[in-house]
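Heavy-atom basis, side chains included; hydrogens, waters and symmetry copies ignored.
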Amino acid sequence: MTEGITTPGAGWRRAGGSDVAGDGVRAHGTGRRRKGRRGGRRGRGGEVPMVEEADFTSYYGRPIIKPPVWKSPDVPLYLFLGGAAGSSAILGAIADLTGRPALTRVSRLTAGGGSILSVVFLIHDLGRPERFLHMLRVIKPTSPLSIGSYILAPFSAAAGATAAVELLGWFPRLKRFGGVVAGLFGGPLATYTGVLLANTAVPSWHAPHRELPFVFGGSAMAAGGGVTMVFTPVAEAGPSRKMAVTGAAIELAVVHRVENGFGIVSEPFHTGRAGTLLRAAKACTAAGAGLTLLTGRSRAGAVVSGVLLAAGSLLTRFGVFEAGMASAKDPKYTVVPQRERMAARAAQNGHASTVSR
C-alpha cells in the first residue's frame with residue numbers, strides 16, 4: 001500500500017516546498033494521476049496499463065495536521081529545566097535523609113532555580129503570564145496539560161521556597177518539609193512532559209507514546225545527577241553518580257527504540273537538524289556516563305562528566321522537539337502510517353472472513 005509513496009519524486013510535495021513530481025504530472029485537489037501512453041509495453045496477460053496508480057500529495061503542499069505553535073528554544077528549555085529540577089529535588093530529599101549536607105544544599109538550589117527558570121520559559125512561550133494562571137482554573141484528569149499544570153505549580157512553589165530558605169538559612173524544619181514535597185512531585189514533573197508530547201497528533205511524538213516518558217525520565221536523571229556532580233564534593237556525590245549513570249543508560253536504550261522501532265515516523269529522528277542534535281546528544285550522554293564510571297570520583301572527572309551529561313540531556317530535548325515538528329510539517333508522516341494501518345486491518349478482516357467460512 002505504501003509503494004511509490006515514500007520514494008522521492010513519487011508525487012510528493014513537502015509543506016511549503018516545491019513539487020517533486022516528474023514532467024507530465026498535474027495536481028488536482030488532493031490527488032495526482034499520471035496518464036499512461038497508449039501502445040505502451042504490455043503487462044502479463046496482454047493487458048495495457050492506461051492509468052498509473054495515483055500518488056498522494058497534500059492540498060497545495062500544506063501540512064495535513066496543524067503543527068504545534070510551541071516555540072524554540074522556549075519549550076525545549078522548559079522541558080530540560082523541568083526535568084533537571086525534578087530529579088534534583090529527589091536527590092535533595094535523599095541526601096537530606098542520608099546526612100549529606102553539601103549534596104542537599106546543591107540539589108535544593110538546583111531544583112529551585114530550575115523550576116523557576118522553567119516557569120519563566122513556559123510563560124514566555126505562552127505570551128502572557130495570565131495564560132498560565134488560566135491553566136489552573138480547571139482540572140481535567142484526561143488532559144496531560146491540565147494535570148501537568150497541577151504538577152508544575154506545587155513543585156515550583158515547594159522547590160522555590162526550599163531553595164530560598166536554604167540560601168537564607170532560616171527554618172530548618174521548613175526546609176526539610178519543602179524538600180520532601182518537592183521530591184514527591186519531582187518524578188511526575190520529570191516524566192509528564194513526555195506524556196504531554198505523546199498525547200498530540202504529531203506523528204513522531206504520538207507513535208512512541210509509551211517510550212517518550214522513559215526517554216524524558218532517563219534524560220532528567222542524567223541531567224540532575226550531572227549538574228549536582230559538578231557542584232558537590234566527590235565524597236558526598238555518590239547518589240548523583242548513581243542517578244546519572246542509571247538515567248543515561250535508560251535514555252540511550254529507549255532513544256534507540258524510538259529511533260528504530262516505528263517505521264517511517266522514526267525517520268525524522270535520523271535526518272536534518274533533529275538527527276544532528278540527537279547524534280550529538282548520544283555522544284555526550286555516552287561519554288558522560290563512561291567518564292562517570294571511570295573518573296567520577298575525582299574532582300576533574302566529576303566536573304567534565306557532569307557537564308557532558310547535562311549537555312546530552314539538553315540536546316535530547318531539542319532533538320526530540322525538532323523531530324516532532326518536522327514530522328508534523330511533512331504530509332507523508334501522517335498519511336503513510338494511516339495507509340499501513342488500513343492495509344493491516346483489511347488483511348486481518350480478510351483473514352477472519354476466510355477462517356469463518
Side-chain angles (χ1 to χ4, degrees), residues 80-115 117 159 162-163 166-167 169 172 175-176 179-180 182-184 186-187 189-191 214-256 278-317 319:
F80 166 72
L81 290 167
S87 59
S88 296
I90 296 173
L91 273 175
I94 293 172
D96 188 29
L97 295 174
T98 56
R100 293 178 169 87
L103 178 59
T104 301
R105 180 179 176 84
V106 169
S107 298
R108 286 173 174 172
L109 294 179
T110 303
S115 65
L117 287 174
T162 303
E166 182 71 43
L167 283 173
K175 285 193 297 185
R176 174 162 291 185
V180 170
L184 291 175
L189 180 70
T191 54
F214 290 96
V215 171
F216 281 21
S219 178
M221 292 171 65
V227 172
T228 53
M229 280 169 54
V230 172
F231 299 103
T232 305
V234 293
E236 293 191 16
S240 297
R241 291 191 293 269
K242 292 177 182 178
M243 176 177 279
V245 172
T246 303
I250 294 172
E251 178 184 350
L252 290 171
V254 185
V255 164
H256 178 77
L278 287 171
R279 285 190 292 272
K282 288 185 288 185
C284 289
T285 301
L291 286 174
T292 300
L293 293 173
L294 297 175
T295 65
R297 297 181 185 275
S298 68
R299 190 75 199 107
V303 172
V304 173
S305 56
V307 170
L308 285 172
L309 287 166
S313 176
L314 177 63
L315 291 168
T316 296
R317 306 307 174 105

To the nearest 0.5 Å, tell me how far Leu103 CG sits from Thr98 OG1. 7.5 Å
Do Ser313 side-chain atoms and Leu309 backbone N/O form a donor-acceptor pair below 3.5 Å? no
Interatomic distance, CZ@Arg297 vs CE@Met229, rounded to 0.5 Å, equals 10.5 Å
Closer than 3.5 angstrom, by distance alone: can the side chain of Arg105 be matched with the main-chain N or O of Glu166 as a donor-acceptor pair? yes
Report the distance from atom CG of Leu81 to atom CG of Leu314, rounding to the nearest 0.5 Å. 8.0 Å
Point-to-point distance, once rounded to the nearest 0.5 Å, from OG1 of Thr316 to CG of Leu252: 8.0 Å
For Ser219 and Val215, indicate whether the former's side chain and the latter's backbone hold a donor-acceptor pair under 3.5 Å. no
For Met221 against Gly247, the heavy-atom pair lying closest together: CB-CA, 3.7 Å
Looking at Arg299 and Thr232, what are the two nearest heavy atoms and their distance? NH1-O, 3.4 Å
Exactly one candidate in Thr228, Val106, Leu109 meets side-chain contact (heavy atoms from CB on, under 4.5 Å) with Ser88; the answer is Thr228
Only one of Asp96, Thr162, Thr104 forms a side-chain hydrogen bond (donor to acceptor under 3.5 Å, both in side chains) with Arg176, so which one is it? Asp96
Could you grab the distance from atom CZ of Phe216 to atom CD1 of Ile250, nearest 0.5 Å is fine? 14.5 Å
Sidechain-backbone polar pair: Arg241 side chain, Ala302 backbone, donor-acceptor under 3.5 Å: no
